[in-house]
Amino acid sequence: MLKFLSTITIFVWLISTTYAITNQRQNLNLPYQFLAPQNAARSALKLRPLVWDARLARYAKRYANQRLFDCALRHSNGPFGENIFWGSGNGWTPAQAVTAWVAERQWYNYRSNSCAGDQECGHYTQIVWSTTTRVGCAKVNCFGGKGVFMTCNYDPPGNYVGDRPY
C-alpha cells in the first residue's frame with residue numbers, strides 16, 4: 001500500500017509539474033503539451049516514451065475538424081488507438097485532457113486486468129499500452145461556443161480484450 005501511495009504521489013507531482021510548465025511557457029508547441037504528461041505516466045511504469053508522429057497528428061486533426069460543428073464525443077473508428085476529450089468553454093489545455101485520461105488509473109486493477117465497477121479506464125490503458133510507440137493529437141475550439149474537442153491517436157493501437165497493457 002505504501003508503494004502504491006508513493007507511486008501516486010510521484011505521479012501527481014509529475015503531472016502537476018508538467019501542467020505548471022505548460023501553463024508558464026506560452027511558446028510550447030502543441031506536441032509537447034500532449035506528449036509530456038503522457039510520457040510522465042509511462043515513465044512512472046518504466047515504459048519507453050511515446051514519440052510524436054506527424055501522420056497520426058494529421059489524422060487526429062482531420063477528425064477533430066469533423067467535430068468542429070457539434071463537438072460530439074464520438075470516436076473516429078479508424079485504424080488507430082484513440083482517446084477523445086470534450087470540455088465546455090474554451091480554456092481547456094492538452095495537459096488537462098491528458099490528466100483526465102491518466103486519472104482513470106485509479107479505476108484500473110492490474111491483477112484482474114479490468115476497470116473497477118462501471119468506471120472507465122481505457123483512456124489510461126491506451127496511454128500506457130507497452131507496445132504503443134507513436135502518438136499524434138489535435139485540439140479544436142468548436143463553433144458556437146460548444147467547447148473544446150481533443151483527440152490523440154496511437155500506433156500500434158492497444159486495449160485488446162484479454163491483454164494487459166504492460
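Note that this is a predicted model, so its numbers are computed, not measured.
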K.L.:
Is a side-chain N or O of Ser43 found less than 3.5 angstrom from the main chain of Asn39, in a donor-acceptor match?
P.N.:
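Flag not set: sc Ser43 to bb Asn39 has no pair under 3.5 Å.
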K.L.:
Show the nearest heavy-atom pair for residues Phe80 and Tyr154, with the distance to one decimal.
P.N.:
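Minimum heavy-atom contact is CB-O, 3.4 Å.
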K.L.:
Looking only at heavy atoms, what is the nearest atom pair of Gly136 and Ala60, with distance?
P.N.:
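Looking at all heavy atoms of both residues, the shortest contact is O-CB, 3.7 Å.
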K.L.:
Taking atom types as modelled, is there a side-chain donor on Gln126 or Thr132 under 3.5 Å from an acceptor on the other?
P.N.:
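Checked: Gln126/Thr132 side chains pair up, N/O donor to acceptor below 3.5 Å.
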K.L.:
Which Ile, Leu, Val, Met, Phe, Trp or Tyr residues join Phe143 in one cluster when any pair of side-chain heavy atoms under 4.5 Å counts as a link?
P.N.:
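For the cluster that includes Phe143, the remaining residues are Tyr63, Leu68, Phe69, Leu73, Ile84, Trp86, Val140, Phe149.
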K.L.:
Who passes side-chain hydrogen bond (donor to acceptor under 3.5 Å, both in side chains) against Ser88, sequence neighbours left out?
P.N.:
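Not a single residue meets the side-chain hydrogen bond (donor to acceptor under 3.5 Å, both in side chains) criterion with Ser88.
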K.L.:
What are the two closest heavy atoms between Gly122 and Cys115, and how far apart are they?
P.N.:
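Nearest heavy atoms, Gly122 then Cys115: N-SG, 4.4 Å.
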K.L.:
Identify, with sequence neighbours excluded, every residue that meets ring pair (Phe, Tyr, Trp, His ring centres under 6.0 Å) alongside Phe85.
P.N.:
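Scan of Phe85 (ring pair (Phe, Tyr, Trp, His ring centres under 6.0 Å), adjacent residues dropped) gives Trp92.
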K.L.:
Test of understanding: with side-chain hydrogen bond (donor to acceptor under 3.5 Å, both in side chains), list the residues that count as partners of Asp70, not counting sequence neighbours.
P.N.:
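Residues passing side-chain hydrogen bond (donor to acceptor under 3.5 Å, both in side chains) with Asp70: Arg67.
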K.L.:
Supply the atom-to-atom distance Leu30 CG to Lys61 NZ, rounded to the nearest 0.5 angstrom.
P.N.:
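Here the interatomic distance stands at 8.0 Å.
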K.L.:
Extract all donor-acceptor atom pairs below 3.5 Å that involve side chains of residues 48-59 and protein atoms in other chains or at least two apart in sequence.
P.N.:
residue: Asp53; atom: OD1; partner: Arg55; partner atom: N; Å: 2.9
residue: Asp53; atom: OD1; partner: Leu56; partner atom: N; Å: 2.9
residue: Tyr59; atom: OH; partner: Ser76; partner atom: OG; Å: 3.0

K.L.:
Nearest 0.5 angstrom please: Asn83 CG to Gln38 CD, how far?
P.N.:
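Here the rounded value is 7.0 Å.
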K.L.:
Looking at every heavy atom in both Val148 and Gly89, which two are closest together, and how far apart are they?
P.N.:
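Minimum heavy-atom contact is CG2-O, 3.3 Å.
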K.L.:
Hey, what do you get for SG (Cys137) to CD (Glu82), rounding to the nearest 0.5 Å?
P.N.:
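Answer for the SG-CD pair, Cys137 versus Glu82, is 10.5 Å.
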K.L.:
Any pair with a residue in residues 156-166 that passes side chain to side chain donor-acceptor pair (under 3.5 Å), sequence neighbours left out, goes on the list, sorted by first then second residue, please.
P.N.:
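Qualifying pairs, neighbours excluded: Thr125-Asn159.
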K.L.:
What pair of heavy atoms forms the shortest contact from Gly81 to Pro157, and how long is it?
P.N.:
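In terms of heavy atoms, the two residues are closest at N-CB, 3.2 Å.
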K.L.:
Please name the pair of heavy atoms, one in Met150 and one in Phe34, separated by the smallest distance, quoted to 0.1 Å.
P.N.:
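For Met150 versus Phe34, the nearest heavy atoms are SD-CZ, 3.8 Å.
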K.L.:
First locate atom SG of Cys121, then atom OH of Tyr108, and finally report the distance between them rounded to the nearest 0.5 Å.
P.N.:
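Here the interatomic distance stands at 7.0 Å.
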K.L.:
Please answer whether the main-chain N or O of Pro165 pairs with a side-chain N or O of Ser130 as donor and acceptor at a distance below 3.5 Å.
P.N.:
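Checked: pair present.
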K.L.:
Please determine whether residues Trp107 and Leu45 belong to a single hydrophobic cluster, defined as Ile, Leu, Val, Met, Phe, Trp and Tyr linked transitively by side-chain heavy-atom distances below 4.5 Å.
P.N.:
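As far as the 4.5 Å side-chain criterion goes, Leu45 and Trp107 are not connected within one cluster.
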K.L.:
Any chance you could measure Ile127, atom CD1, to Trp129, atom CH2, to the nearest 0.5 Å?
P.N.:
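Taking CD1 in Ile127 and CH2 in Trp129, the distance rounds to 13.5 Å.
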